[in-house]
Amino acid sequence: MRGEWKLRDWEQEYWMRKMESHIKDLCLHTNKIDLTKEDINPYQVREILELLGWECDEDIETNGWEQDMWMRFYSPHYYNRLVVSSCGMTFRLEMYWEDDV
């Protein structure tokens, strides 16, 4: 999946369930979800979160040479914004609440 641009229907269903579980974990006890070794890329994480009703801020933060990126998502059902952070050099991909940084 990581090398593909668009998720197939069954992949969307799989990742929607998995992201819902990750968000529940964040709500209960986990500070950060490490998606680095998962078979998903930042674009696909955004796609899944939007399917789950999260809205992405238009202002996606990036830096230069390290290729770091931060996408912030909000939902009327949650108090804090959800951050998806990635690094193009190390392929790190993480998800956490904005206030937990």
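We use all heavy atoms of the structure for the numbers below, so side chains are in, but hydrogens, waters and symmetry mates are not.
- In this view, D25 satisfies the side chain to side chain donor-acceptor pair (under 3.5 Å) rule with no residue, not counting sequence neighbours.
- Interatomic distance, H29 NE2 to N31 CG, rounded to the nearest 0.5 Å: 10.5 Å.
- Judged as a ring-ring contact (aromatic ring centres under 6.0 Å, His included), the pairs with a partner in residues 42-61 (not counting sequence neighbours) are, in order, W5-Y43, W54-Y78.
- Shown here is H77, whose NE2 atom has no more than 12 heavy atoms of other residues, nucleotides or ligands within 6.0 Å.
- Not counting sequence neighbours, the partners of E50 by the side chain to side chain donor-acceptor pair (under 3.5 Å) test are R46.
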Kindly determine whether V45 and M19 satisfy side-chain contact (heavy atoms from CB on, under 4.5 Å), including the steps that lead there.
CA-CA 8 Å; V45 172; M19 286 297 162; 4.0 Å; yes
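- Using a 4.5 Å heavy-atom threshold, the side chains of T90 and Q67 count as separate.
- Residues I23 and L49 are in side-chain contact: their nearest non-hydrogen atoms beyond the backbone lie under 4.5 Å apart.
- One distance of note links CD of E98 with CG of L82; it measures 10.0 Å at 0.5 Å rounding.
- Not a single salt bridge (charged side-chain N to carboxylate O under 4.0 Å, His left out) links D34 to another residue, sequence neighbours left out.
- L51 and Y74 fall into different hydrophobic clusters, where Ile, Leu, Val, Met, Phe, Trp and Tyr are joined by side-chain heavy atoms under 4.5 Å apart, directly or via other members.
- Considering only heavy atoms from C-beta on, K6 stays 4.5 Å or farther from Q44 through its side chain.
- Rounding to the nearest 0.5 angstrom, the gap separating the CG atom in N80 from the CG atom in D99 is 4.0 Å.
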Given the rule in the side-chain hydrogen bond (donor to acceptor under 3.5 Å, both in side chains) test, do Q12 and E47 qualify, once you have shown the distances and angles that lead to the verdict?
CA-CA 9 Å; Q12 285 180 351; E47 180 181 358; 3.0 Å; yes
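- Here the CH2 atom belonging to W97 is positioned 10.0 Å from the CD1 atom belonging to I33, to the nearest 0.5 angstrom.
- In this structure, I40 and W15 have side chains that are in contact, with non-hydrogen atoms separated by less than 4.5 Å.
- Looking at M71 and P42, their side chains come closer than 4.5 Å, going by heavy atoms from C-beta outward.
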Residues R92, S85; criterion side-chain hydrogen bond (donor to acceptor under 3.5 Å, both in side chains); working and verdict
CA-CA 8 Å; R92 174 188 47 78; S85 171; 2.8 Å; yes
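- No donor-acceptor pair closer than 3.5 Å links the side chain of T62 to the backbone N or O of D68.
- With contacts defined as side-chain heavy-atom distances shorter than 4.5 Å, the pair L26/M95 qualifies.
- Judged as a side-chain contact (heavy atoms from CB on, under 4.5 Å), and not counting sequence neighbours, the contacts of R17 are E13, Y14.
- Across every non-hydrogen atom of I60 and M69, the tightest pair is CG2-CG, 3.5 Å.
- Using a cut-off of 4.0 Å between Lys/Arg side-chain N and Asp/Glu carboxylate O, D57 and R81 are scored as salt-bridged.
- Residues forming a side-chain contact (heavy atoms from CB on, under 4.5 Å) with E20 (at least two apart in sequence, or on another chain): L52.
- Within a 6.0 Å sphere centred on CG of D9, other residues, nucleotides and ligands contribute 12 heavy atoms or fewer.
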